[in-house]
Visitor: 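Just dropping this structure here.
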Amino acid sequence: MQKSAKLTAVYALIMDLPLSLVITLVALALSNIDAPGSLNGPNYIRMAIIAYVVTFFVNFIHAERWGFAFAVKHAKPGTFKFGLLLNLVVAGVFVVILDLIMTAIGMIAGGAFSFGPYIAAVLKGFIPCYVPTLIIAMFWNQVADKWSRAICNEPAPQMGPGPDQK
């Protein structure tokens, strides 16, 4: 069962706030190594807002469907392994998109965009941004889902059988 647009939007607003704040901090700390001064209050606020808007729209890709399809092949729904596998995929989608967009914005704003350094920066930032994204997803996803469903008055879907129950 697919989430309604309203539920997806409310979920995104709840889920993406800590994600945007942490990932922006990590990304700016990494860029501060190569471009000292990029980690400052006004830049952090501006980039966190942009990240929050970008992640809001990424939610409408419904990456959780891809994560669910992958996880259900390898684990029983409701288990830690299932949640980890699902979130590995979802966090990957979010980080790839966010990394590509935010790195480009940062380089363009800094007036130093060129393709080679852009790709290097994207690759350099992936793992340091992926790990906290996965951790946030593992711990915050259920809270965000529960709160958004309560706000929108939409019940959680029934989970299908896992790989051992076919």
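Everything numeric here is computed off the predicted structure, so don't read it as measured data.
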Visitor: Rounded to the nearest 0.5 Å, what separation is found between the NZ atom of Lys124 and the CG atom of Leu30?
Guide: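 Nearest 0.5 Å value for the NZ-CG distance: 6.0 Å.
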Visitor: Is there any side-chain hydrogen bond (donor to acceptor under 3.5 Å, both in side chains) pair reaching into residues 77-102, and which pairs are they, with sequence neighbours excluded?
Guide: Asp99-Thr103
Visitor: Please identify each residue that fulfils side chain to side chain donor-acceptor pair (under 3.5 Å) with Ser20, with sequence neighbours left out.
Guide: Thr55
Visitor: Looking at CG of Leu134 and CG of Asn141, how far apart are the two atoms once the value is rounded to the nearest 0.5 Å?
Guide: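 Spacing of CG (Leu134) from CG (Asn141) equals 11.0 Å.
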Visitor: Does Leu7 share a hydrophobic cluster with Ile151, counting links as ILVMFWY side-chain heavy atoms below 4.5 Å and allowing steps through other members?
Guide: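 Shared cluster, no.
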Visitor: Does Tyr11 use its side chain to pair, donor to acceptor, with the backbone of Trp147 at less than 3.5 Å?
Guide: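 Answer holds: no.
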Visitor: Tell me, do His62 and Thr8 make a side-chain contact under 4.5 Å, heavy atoms counted?
Guide: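 Yes; the side chains approach each other to less than 4.5 Å.
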Visitor: Indicate yes or no: at least one non-hydrogen side-chain atom of Arg149 is less than 4.5 angstrom from one of Lys3.
Guide: yes
Visitor: Applying side chain to side chain contact (heavy atoms under 4.5 Å, CB included), can you list everything that pairs with Ile135, at least two apart in sequence or on another chain?
Guide: Val131, Phe139
Visitor: Between atom NZ of Lys6 and atom OG of Ser148, what is the distance when rounded to the nearest 0.5 Å?
Guide: 11.0 Å
Visitor: Any chance you could measure His74, atom NE2, to Leu86, atom CG, to the nearest 0.5 Å?
Guide: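 Here the interatomic distance stands at 12.0 Å.
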Visitor: Go through the structure and list residues passing ring pair (Phe, Tyr, Trp, His ring centres under 6.0 Å) with Tyr130, not counting sequence neighbours.
Guide: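 Expected list: Phe126.
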Visitor: Report yes if the side chains of Lys76 and Phe82 come closer than 4.5 Å at any heavy-atom pair, otherwise no.
Guide: no
Visitor: Do you know which two heavy atoms are closest between Ala75 and Leu85, and how far apart they sit?
Guide: CB-CD1, 4.1 Å
Visitor: More than 12 heavy atoms of other residues, nucleotides or ligands under 6.0 Å from CZ of Phe60: is that the case?
Guide: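 More than 12 within 6.0 Å, yes.
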Visitor: Examine distances only and state if a side-chain atom of Tyr52 and a backbone atom of Pro18 form a donor-acceptor pair shorter than 3.5 Å.
Guide: no
Visitor: Taking only residues two or more places apart in sequence or in another chain, which ones pass side chain to side chain donor-acceptor pair (under 3.5 Å) with Arg46?
Guide: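 Listed in chain order: Asn43.
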Visitor: Does some side-chain heavy atom of Ile45 sit less than 4.5 Å from a side-chain heavy atom of Ile49?
Guide: yes
Visitor: Within a strict 4.5 Å, meaning less than it, do heavy atoms of the Ile23 and Pro132 side chains meet?
Guide: yes
Visitor: Could you check whether any side-chain heavy atom of Met47 comes within less than 4.5 Å of a side-chain heavy atom of Ile105, counting everything from C-beta outward?
Guide: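 Of all side-chain heavy-atom pairs linking Ile105 with Met47, at least one is under 4.5 Å.
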Visitor: Locate the shortest heavy-atom distance separating Ala137 from Met15; write the atom from each residue and the value.
Guide: CA-CE, 3.5 Å
Visitor: Between Asn59 and Phe94, is there a side-chain heavy-atom distance shorter than 4.5 Å?
Guide: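 Heavy-atom side-chain distance check passes, below 4.5 Å.
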Visitor: Sequence neighbours left out, what passes side chain to side chain contact (heavy atoms under 4.5 Å, CB included) with Ile61? Give chain and number order.
Guide: Val58, Trp66, Ile97
Visitor: Using 0.5 Å steps for rounding, measure from the CH2 atom of Trp140 to the OG1 atom of Thr133.
Guide: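 So the CH2 of Trp140 and the OG1 of Thr133 are separated by 15.0 Å.
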